[in-house]
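Below, each value reflects all heavy atoms present in this structure, side chains not excepted, and no hydrogens, waters or symmetry copies. Residue numbers start at 1 and run along the sequence shown.
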Amino acid sequence: MTNTDQPLQIPLEFDCPDCDGEGHVYEEVAGGCFSVAFGNWLPDERKVCCERCDGRGRVDLNDLTEEELEERGIEMDEAS
């Protein structure tokens with residue numbers, strides 16, 4: 001049997017769409033610095049653990065929305 005004879009298998013985990021597989025996101029917090037060029041206060045950013053994947057950077061197939069599945073080219077039939 002060759003590789004072309006085997007059925008296509010969908011992986012069960014994907015990179016988290018919220019953090020792009022990094023496991024963290026940047027959150028804007030108050031108390032940044034004053035920008036003379038812009039004439040206002042710029043927010044500060046801090047790195048926080050991604051809530052969707054709990055810092056793993058991966059999510060299960062069942063945790064993705066229909067739109068996120070379509071972006072990856074996966075069609076889920078109603079029977080599954």
Minimum-distance pair of heavy atoms, taken over all atoms of C19 and H24: CB-O, 3.4 Å

Contacts of type salt bridge (Lys or Arg N to Asp or Glu O under 4.0 Å), residue R56, not counting sequence neighbours: E13

Sequence-distant partners of D63, side chain to side chain contact (heavy atoms under 4.5 Å, CB included), two or more places apart: V59, D60

Salt bridge (Lys or Arg N to Asp or Glu O under 4.0 Å) contacts in which one or both residues fall within residues 17-31, not counting sequence neighbours: D18-R52, E27-R46

Remaining members of the apolar cluster that contains Y26, side-chain heavy atoms under 4.5 Å: none

Heavy-atom neighbours of E45 CD exceed 12 at 6.0 Å: yes

Mind listing the side-chain donor-acceptor pairs of residues 36-44 below 3.5 Å, one per line with the distance, residues two or more places apart or on another chain?
none

Rounded distance (nearest 0.5 Å) linking atom CD of E70 with atom OG1 of T65: 8.5 Å

Those residues that, when tested against D15, pass side chain to side chain contact (heavy atoms under 4.5 Å, CB included) (two or more places apart): R58

